[in-house]
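Notes follow once the structure below has been shown.
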Amino acid sequence: MKDGPSAAVPEVMVYEPVCPLNLDATLSCGQLFRWKKREDTWEGVADSRFITIRQDCGSLYYTGCSEAFLISYLHLDCPHDAIVSGFSCDAHIMDAVRCTGGLRIVRQNPWECLISYICAQNANIPFITRMIENLCRAAGKPITAPDGVVRYAFPTPEALSTLTLEEIRGCTLGYRAPYVYKTAAAIAADPAWADRIREMPFEEARRALMVYPGIGPKVADCVLLFGFQKYESFPVDTWMRMIMHRLYGIGDPEKSFTPAEYERIRRFAQEHFGPYAGYAQEYLFAIRTSYADGKF
DNA sequence: CACCAGGCCACAG
DNA sequence: CTGTGGCCTGGT
């Protein structure tokens, strides 16, 4: 027999997506840094809520958020098959789709996305994860989850901008600390920034993001894709550079990665893949090690 | 101990 | 305008 209030245990909700979803691929492909899989269940924090999701036989069993949030967050409100079939003339993308079909681009909070991808520069995923957790612990609101474990929301712009430069550096951000420090201050002083960028056409929004310190072409493209749902965005990282050279003969990974080289690869991809180029990028990125290992 | 990881910035030519 | 080093930190 158990003691303790059963009312504290959240009701598990069920949702059955009508279109393809690969939850494992979606939450582990590297677009997000705050989800962990324990047993069969994914646990994460999004917009100040602790959420669990388990996928079983196509059904989603979830706690901590509404169905509307789940659908929006996982981008289940879109014609996924139509996006994928738009790539049907490209054998490489279809290879990737066969491996991780149902991979979704999650609708991230633009602010969290912005800071996260500033941290992500020149780092690997475990390191990025630690930096972000440190920031959350330092300035994020504590959330007591039903399992009794305290997690932390991603700090608001106001909260993050109260930290000193040294406190941010203490979150193991290294040379990225001044970028986060200055960008947080700028955003905190300008609450309408996200609405403004959301309304801008792609290239203009891109330029507007690159005004913030620590945000270059790669980070801007990630934020436009993951934070602003501008799906024509095609972020080019060192992996994508290698892959695009190998599959399409674009660019040359032997030479130094100049801004001109970035533009060449990005323009080609946006033209070649079309308005959902970002989805092509995510599918290629999801199986990046296969290309490194010489498969495909 | 080198070298690199989902780059950006300051500075030289 | 284009190209090259250096950079915090942590893992091979």
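Predicted model only: the values in this text are computed from it and were never measured. Order of the sequence lines fixes the chain letters, A, B, ..., with proteins taken first and strands second; residue numbering starts at 1 for each chain.
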Of all nucleotides in DNA chain B that come within under 4.0 Å of a heavy atom of chain A, which is furthest toward the 5' end and which toward the 3' end?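 First and last nucleotides in contact are B/dA5 to B/dC9.
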Students often get this wrong, so: under 4.0 angstrom with heavy atoms, is [X] touching a base, only sugar-phosphate, or nothing?
X: A/G30; result: base
X: A/C29; result: base
X: A/I118; result: nothing
X: A/E263; result: nothing
X: A/V219; result: sugar-phosphate

I'd like to know if [X] and [Y] make a salt bridge, using a cut-off of under 4.0 Å between side-chain N and carboxylate O.
X: A/R207; Y: A/E204; value: no
X: A/E133; Y: A/R130; value: no
X: A/K141; Y: A/E158; value: no

Treating A/E16 as the side-chain partner and A/G58 as the backbone partner, does any N or O pair qualify as donor plus acceptor under 3.5 Å?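 Not confirmed, A/E16 side chain does not pair with A/G58 backbone.
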Pairwise P distance, C/dT2 and B/dG6 [rounded to whole Å]: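 Comparing P positions in B/dG6 and C/dT2 gives a spacing of 27 Å.
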For B/dC8 versus C/dG11, give the span between their P atoms, rounded off to a whole number of Å.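 It works out to 23 Å between them.
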Under a 4.0 Å heavy-atom criterion, the protein footprint on nucleotides 4-12 of chain C, written with B, S and -, is S--BBBSS-
Can you see whether A/Y61 has A/R54 sitting over its ring - NZ or CZ less than 6.0 Å from the centre and within 45° of the normal?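 The answer is yes; both the distance and angle limits are met.
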Using ring pair (Phe, Tyr, Trp, His ring centres under 6.0 Å) as the criterion, list what pairs up with A/Y73, not counting sequence neighbours.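 Ring pair (Phe, Tyr, Trp, His ring centres under 6.0 Å) list for A/Y73, sorted by chain: A/F69.
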Just the dot-bracket of DNA chain C, please: which string comes out with Watson-Crick or G-U pairs under 3.5 Å, [ ] for crossing, | for another strand? |||||||.||||
Taking atom types as modelled, is there a side-chain donor on A/T26 or A/R104 under 3.5 Å from an acceptor on the other?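 No.
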Taking only residues two or more places apart in sequence, or in another chain, which ones meet A/Y212 in a side-chain hydrogen bond (donor to acceptor under 3.5 Å, both in side chains)?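 Partners of A/Y212 under the side-chain hydrogen bond (donor to acceptor under 3.5 Å, both in side chains) test: none.
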Side-chain donor/acceptor pairs under 3.5 Å, residues 219-232 of chain A, sequence neighbours excluded:
unit_1 : atom_1 : unit_2 : atom_2 : d
A/D221 : OD1    : A/R206 : NE     : 2.7
A/D221 : OD2    : A/R206 : NH2    : 3.1
A/D221 : OD2    : A/Y262 : OH     : 2.6
A/K230 : NZ     : A/R198 : O      : 3.1
A/K230 : NZ     : A/M200 : O      : 2.9
A/Y231 : OH     : A/H75  : NE2    : 3.1

